[in-house]
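Data first, discussion second: the structure below is written as structure tokens.
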Amino acid sequence: MGIRERTMMAGRISVRRPDSMLLPVHGGDIDEVARAYGLSTDRLIDFSANINPMGPPRRALLRLARDATNRDGLTQYPDPTYGELRRALAAVLHVPATAVTIANGSVALIGAVIRTIAPSECLLVTPSFAEYPRALQASRCRMRCLPLDAARRFDLDADVLIDALTKHRPPMCVLTNPHNPSGALTPRPQMLRVVDRSLRTNTRLVVDEAFMDYAPTETLVSEAVQSEHLVVLRSLTKFYGMPALRVGYAVSSPRMAATIVTQLPPWPVTTLAASAAAEAVQDQEYARRALVSVAHQRRWLSQALGTIGVNVYPSAANFLLLRLPTTAPTSARLRARLITDAGVIVRDCRSFDGLSNGRFIRVAVRRRDENEQLVRALRSVLGGAAHAR
Ligand SMILES: Cc1ncc(COP(=O)(O)O)c(C=O)c1O
């Protein structure tokens, strides 16, 4: 990845000096895969992006269809304050609307929040979503990495993080909860200890909760409203199955929200996306069904994958991180074989810090029939690999 890594600090913390602009790698590149492998997209199943296979709630689709044919609506700019969506989110999250900032995906808020805080240094819990190193680098911010340990199932040790905050007093710290790519959840009581310490070390804590809809009781949104030191980022992409619409939001103190918004372009979200998103978040029956369904399918998939010899990490989200057996092809080869043999796309995790050894892949939890197809395809490739030895 063109990164020179220097271990400067005691223990497991390192300061990273990227040599060149990082090229982020993401899942969900189904069109590119279809082109590269000469396949049609409808013959592919995408397990590489963690999108709810239920798709957007029906009432969001109906609103989208209605607004898409409303000539008057289309001839006006969006409401620059996104009042309807912010009020809908505020009601669901029990926070004031003034604490919510809307953007074109939570990814847009990563850069906006970093520019708002403008830190000289950031403590980044790794492996992390690729846009964090990229945005930190773009803001010329020094990165200090705190790696999670595969041997400890990528569980965040709150004491280790608290020690690092106390020792280095970084102006900013970023972590993702539930963690991507492992799905490990740091429970609220531990997060509250981290929040408390960040206040004392004067660290702005950014908690990416892109997958928190799957563990809604653990969110820190109400704490974020009260604190000048905590920003929570959320996404509608994953849980509401709407990556194409590009809607995310931040929850922070109203004062911080008023500054974050200045770092975004005006009208970052289209009228159509904002109104569909407002419908989606109000559909509590959809949320309930999605939670039940993903928990059920995750349990099934995790158990089925365990029987074919891959190590499955515990996950609170709608994806599973897998460590491949030593007899398996590398993650890159396995991904290619799964595409050509079965039309199944998985996320090769080599681009994640600490997972570059070619032994890790990540798979989304999808519908039962699709999950069965994934297990069959993996069993076939891994079984063949085991016999070949
Ligand atoms: C941890 C994390 N944060 C943020 C995002 C960006 O999501 P959005 O589609 O809302 O921009 C992703 C997307 O994969 C993610 O994994």
Side-chain angles (χ1 to χ4, degrees), residues 56-57 59-118 131-132 134-135 138-139 204 206-210 212-213 219-222 224-283:
R59 59 186 275 186
L61 293 176
L62 291 175
R63 177 77 183 269
L64 199 50
R66 201 175 78 215
D67 289 358
T69 51
N70 174 359
R71 182 189 297 261
D72 289 344
L74 291 174
T75 53
Q76 290 165 17
Y77 276 91
D79 166 10
T81 68
Y82 295 104
E84 182 191 4
L85 176 54
R86 285 166 78 216
R87 280 192 300 276
L89 283 165
V92 175
L93 299 169
H94 309 292
V95 299
T98 48
V100 179
T101 309
I102 306 294
N104 46 328
S106 59
V107 83
L109 287 157
I110 293 174
V113 167
I114 292 170
R115 289 191 297 277
T116 300
I117 297 171
E131 294 300 329
Y132 285 102
R134 193 159 84 112
S139 288
R204 299 286 189 282
V206 177
V207 181
D208 184 327
E209 294 190 352
M212 193 54 99
D213 296 271
T219 182
L220 295 180
V221 288
S222 46
V225 176
Q226 308 295 336
S227 170
E228 297 301 324
H229 285 77
L230 177 62
V231 181
V232 170
L233 303 185
R234 304 280 299 251
S235 170
L236 271 75
T237 291
K238 287 84 177 36
F239 189 78
Y240 293 100
M242 45 188 349
L245 293 187
R246 312 301 308 126
V247 188
Y249 60 95
V251 180
S252 66
S253 73
R255 205 165 90 185
M256 176 84 98
T259 318
I260 295 171
V261 81
T262 67
Q263 295 297 330
L264 291 166
W267 316 288
V269 178
T270 64
T271 303
L272 301 186
S275 56
E279 297 291 341
V281 298
Q282 292 176 76
D283 193 338

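Side-chain atoms of Met212 and Val232, non-hydrogen and from C-beta on, never get closer than 4.5 Å to each other. Counting heavy atoms from C-beta on, the side chains of Met256 and Val231 come closer than 4.5 Å. Residues Asp208 and Val206 fail the side-chain proximity criterion, which asks for heavy atoms closer than 4.5 Å.
Nearest heavy atom pair, residue Asp283 against residue Pro57, reads OD2-CB, 3.6 Å. Contact detail for Pro78 and Thr271: the closest heavy-atom pair is CA-OG1, 3.3 Å. Looking at every heavy atom in both residues, Ser235 comes nearest to Asp213 through O-OD2, 4.0 Å. Closest approach of Ala278 to Val281, counting heavy atoms only: O-CG2, 3.5 Å. Of all the heavy atoms in Met242 and Pro56, the pair that sits closest is CB-CG, 4.3 Å. The two residues Ala99 and Val225 make their nearest non-hydrogen contact at CB-CG2, 3.9 Å.
Of the possible polar contacts, none joining the Ser253 side chain to the Glu228 backbone as a donor-acceptor pair under 3.5 Å is found. At distances below 3.5 Å, not a single donor-acceptor pair connects side-chain atoms of Ser227 with backbone N or O atoms of Ala224. A donor-acceptor contact shorter than 3.5 Å links the side chain of Tyr82 to the backbone of Val269. A distance-only check finds a donor-acceptor pair linking the side chain of Arg86 to the backbone of Ala97 [under 3.5 Å]. With hydrogens and angles ignored, the 3.5 Å screen pairs a side-chain donor or acceptor of Glu209 with a backbone N or O of Leu220.
Electrostatic pairing of Arg66 and Glu279 does not count as a salt bridge here, judged by no charged N lying under 4.0 Å from a carboxylate O.
Rounding to the nearest 0.5 angstrom, the gap separating the CG atom in Leu236 from the CG atom in Leu89 is 6.5 Å. Within the model, atoms OG of Ser139 and CD1 of Ile114 stand 5.5 Å from one another, a figure rounded to the nearest 0.5 Å. Separating the OG1 atom in Thr69 from the CG atom in Leu64 is a distance of 10.0 Å, to the nearest 0.5 Å. Separating the OG atom in Ser106 from the CD atom in Glu131 is a distance of 10.0 Å, to the nearest 0.5 Å. To the nearest 0.5 Å, atom CD of residue Gln263 and atom CG of residue Leu109 are 11.0 Å apart. Atom CG in Leu264 sits 7.0 Å away from atom CZ in Arg115 (nearest 0.5 Å).
The side chain to side chain contact (heavy atoms under 4.5 Å, CB included) with Thr259 is formed by just one residue from the set Thr101, Val113, Ile117, Thr116; it is Thr116.
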Determine whether Ser275 and Glu84 satisfy the following criterion, side chain to side chain contact (heavy atoms under 4.5 Å, CB included), listing intermediate values before the conclusion.
CA-CA 7 Å; Ser275 56; Glu84 182 191 4; 4.1 Å; yes
Go through it in stages, so that I can follow the logic: the residues are Arg246 and Thr237, the test is side chain to side chain contact (heavy atoms under 4.5 Å, CB included), and I'd like the CA-CA distance, side-chain angles, deciding distance and then a yes or no.
CA-CA 7 Å; Arg246 312 301 308 126; Thr237 291; 3.4 Å; yes
Leu245/Leu272 under side chain to side chain contact (heavy atoms under 4.5 Å, CB included): CA gap, chis, key distance, verdict
CA-CA 8 Å; Leu245 293 187; Leu272 301 186; 6.0 Å; no
